[in-house]
Amino acid sequence: MICLSYSDYSHSQSNGRYRPISTDCFLLEFISLIFYPTYDLQVMSQYTHNCRLLARRCHQWHHVQRPYLSTCSQTGPKVCIIGSGPAGFYTAQQILKTTTPIWTGKVWSCTRPPRSKATAENERCSFVGNVSVGKDVSIHELQQAYNVVVLSYGAEADRELGIPGEGLVGVESARSFVGWYNGLPEHRHLQPNLNTEVAVVIGQGNVALDIARILLTPIRLLQETDITEYALEALTRSKIRRVHVVGRRGPLQAAFTIKELREMVTMPDCRTVFTAEDFSGVEEALAGIPRPRKRLTELMLKSVTGRGQTEQEVQRLADASREFYVKFLRSPIQVLPSADGKRLRALELAVNVLEGSGKSVRARSTDDREVIDCGLILRSVGYRSVAIEKSIPFDHSHGTIAHENGKVNGKQGLYCSGWVKRGPTGVILDTMSDGFQTGKLILRDIESGVVSAETRPGSEAILRHLSNKGVQTVSFDDWKRIDAVEIERGRERGKPREKLTDLKEMLRICTER
Ligand code: NAP
């Protein structure tokens, strides 16, 4: 069974607009797009919630048509995309863009947003939520029903550190913490220890910064967001005042990006603290590095040196009651237990030096050690894809599907895109080009006859199968009911929405007419 987390949008306190907490986390969602090259599109999802993402994506992306539950035309090859995070969507977008003559019937361009009712009601897209591929339906069954199946289900598991004490109470995974504040049903019962002044986040990617941002953002700003009510309540009582984000390499290898760091350095009532000696030689290296990293490094250097800070800025930093520490060149060695041996008490770090150059720079631990006393540790060292089914060739050492340019090894008509294809790295643009690449490959294979063009039953067979198994699927219209309830409940609380976190309640709302 695939059990993927869903990501959502968080309020960006710096600009007052919504933005994804974790753009690439979209890939973690479990949504299947089953769409028809005859320009019908259908979407399946494990979570009813995921449709929110789908809807927002569809409304936001100018090139993606809004999905509709359709009766879908039954002519032409049929394509099923499992996963409607960016990878699934960009793959779909690429295929929908085409005007290749193999499609017959309702051909229209997918390069404009829906502008009229007629366009909006085009039967080319539908959503089926609350479906688990691998459990409710197998890949084999999907392949029987569709000419092409695309695996774009992202990375659902965490990477672990493998250090002593990792299992102590108080050590949480980034995934569960992000799921908790986003109201993901399976993480809503998490009880992160916020009754402590110091939290440590291990890893220096954007997820780590998202977590630090949630822990340090003043409550009045979080209140304006759609963060779940229980997380808001817990964070209101939070005693956390210092968050250390720890990375094993140096500033030139930090995995976070400039936008996320800028939000931290400009956060009200929070002071970002770097260690000046971590930056030895960094200024000199600036000339030879690519522009995005150069700009990121300049932002860090500005914060380290205080260069160019206005008096107002200096005052803001001096008055701040919370601190965000970015610690480089430190590797976690062990989590130290409390006296009773149950809870964490501190994190022991090794001081590292760097070896090698360019992309192959590695951290080597020295004998020097440091200890940070803390009550909460969040492991944020990246995600990992898992095999969806034993029958699908999987490269366990890289955590990706075994494939050639997106074509799954030895499996005709089976493709992959996104993190499950290339690993959980890169920003949204990387996912976009990856999705496009797989989309183009599929089109080529359909056109050249590599993929069988025989008529397949498509969703008709799959929906019947799901219904026979007693799976309550969720359509886009169903989702709109959930959406309306969330918005209404949010309105009552002066928030953009109050997310539902109970699957049973969501499913009940879907059946209310
Ligand atoms: P990530 O970007 O891969 O960062 C993982 C971090 O963990 C790196 O600093 C890495 O250090 C460190 N790490 C890995 N193994 C470690 C170990 N054994 N010990 C210590 N440190 C270790 O992963 P992520 O933050 O989970 O993000 C995943 C993806 O989502 C990224 O592509 C990210 O850009 C994206 N994302 C984007 C946004 C956004 O656009 N707003 C938000 C969230 C996430 P090394 O570099 O030394 O390996």
Side-chain angles (χ1 to χ4, degrees), residues 5 7-15 17-29 85-87 154-163 166 171 173-179 181-182 200-214 244-264 292-293 296 326-335 347-356 358-365 377-385 398-399 418-420 422-432 434:
S5 69
S7 68
D8 211 322
Y9 290 73
S10 165
H11 195 260
S12 158
Q13 68 277 14
S14 58
N15 58 17
R17 280 174 312 180
Y18 283 84
R19 72 168 184 80
I21 278 178
S22 174
T23 313
D24 283 342
C25 281
F26 290 135
L27 300 173
L28 308 176
E29 302 207 31
E156 71 172 65
D158 295 302
R159 277 202 206 126
E160 292 185 356
L161 291 163
I163 57 170
E166 197 170 350
V171 183
S173 76
R175 169 184 302 278
S176 52
F177 187 77
V178 172
Y181 65 71
N182 270 322
V200 179
V201 188
I202 301 172
Q204 288 184 329
N206 282 330
V207 172
L209 262 58
D210 282 342
I211 290 171
R213 181 163 53 86
I214 292 294
H244 297 261
V245 169
V246 178
R248 58 184 169 183
R249 298 193 287 166
L252 291 171
Q253 292 80 36
F256 50 73
T257 46
I258 190 163
K259 183 165 163 266
E260 286 64 32
L261 180 66
R262 190 175 289 123
E263 284 189 352
M264 293 308 297
R293 182 158 296 280
L296 171 69
V326 188
K327 285 181 105 70
F328 293 105
L329 299 167
R330 303 289 185 272
S331 277
I333 294 293
Q334 61 173 323
V335 180
L347 177 67
E348 184 179 336
L349 299 165
V351 178
N352 297 338
V353 289
L354 295 180
E355 287 178 341
K359 285 192 175 163
S360 59
V361 168
R362 293 265 172 277
R364 179 175 59 78
S365 294
I377 292 177
L378 295 135
R379 184 185 61 225
S380 181
V381 292
Y383 297 139
R384 189 166 55 82
S385 294
H398 292 101
W419 279 2
V420 81
R422 65 187 164 83
T425 56
V427 292
I428 195 79
L429 271 180
D430 302 304
T431 301
M432 184 172 79
D434 184 66

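Atoms within a ligand are numbered from 1 in the order they appear, just like the ligands themselves. Positions are given from 1, in the same order as the sequence printed here.
Taking 4.0 Å as the cut-off, Ser331 does not count as a neighbour of ligand 1 on heavy-atom distance. Using a 4.0 Å heavy-atom cutoff, Gly426 is listed among the residues neighbouring ligand 1.
Listed here is the closest heavy atom pair of Ser331 and Asn352: OG-ND2, 2.9 Å. Smallest separation of non-hydrogen atoms from Ala212 and Val245: CB-CG2, 4.1 Å. Nearest heavy atom pair, residue Pro424 against residue Tyr383, reads CG-O, 2.9 Å. Between Val207 and Ala174, the shortest heavy-atom contact is CG1-CB, 3.7 Å. Here the shortest heavy-atom pairing between Arg293 and Pro251 reads NH1-O, 3.6 Å.
Taking 4.5 Å as the limit, some side-chain heavy atom of Gln204 sits within range of a side-chain heavy atom of Phe328.
Among Arg213, Arg248, Gln204, the residue whose heavy atom lies nearest to atom 20 (C) of ligand 1 is Arg248. The heavy atom nearest to atom 47 (O) of ligand 1, considering only Glu260, Arg249, Arg362, is found in Arg249. Of the listed options Pro424, Ala174, Gly423, Pro424 places a heavy atom closest to atom 3 (O) of ligand 1.
Of the possible polar contacts, one joining the Arg422 side chain to the Thr425 backbone as a donor-acceptor pair under 3.5 Å is found. Counting only distance, with no hydrogens or angles, the side chain of Asp434 and the backbone of Ala87 share no donor-acceptor pair below 3.5 Å.
For ligand 1 and Asp210, the ligand atoms under 4.0 Å from any heavy atom of the residue are 42 (C), 43 (C). Of all atoms in ligand 1, listed by their number and element, those nearer than 4.0 Å to a heavy atom of Ala255 are 2 (O), 4 (O), 8 (C), 9 (O). Every atom of ligand 1 is numbered from 1 in the order shown, and the set under 4.0 Å from a heavy atom of Gly382 is 23 (O), 26 (O). Set against the non-hydrogen atoms of Trp419, the atoms of ligand 1 under 4.0 Å away are 28 (C), 29 (C), 30 (O). Heavy-atom contacts of Ser380 reach the following atoms of ligand 1: 6 (C), 7 (O) (cutoff under 4.0 Å).
When heavy-atom distances to ligand 1 are checked against a 4.0 Å cut-off, Phe328 has no atom that comes that close, whether in backbone or side chain. Only the backbone of Thr425 comes within contact range of ligand 1, with a heavy atom under 4.0 Å; no side-chain atom does.
Between Val207 and ligand 1, an N or O atom pair is found at a separation short of 3.5 Å. Among the atoms of Asn206, some N or O lies under 3.5 angstrom from an N or O of ligand 1.
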Apply side-chain contact (heavy atoms from CB on, under 4.5 Å) to residues Ile211 and Val178 and explain how you reach the verdict.
CA-CA 7 Å; Ile211 290 171; Val178 172; 4.1 Å; yes

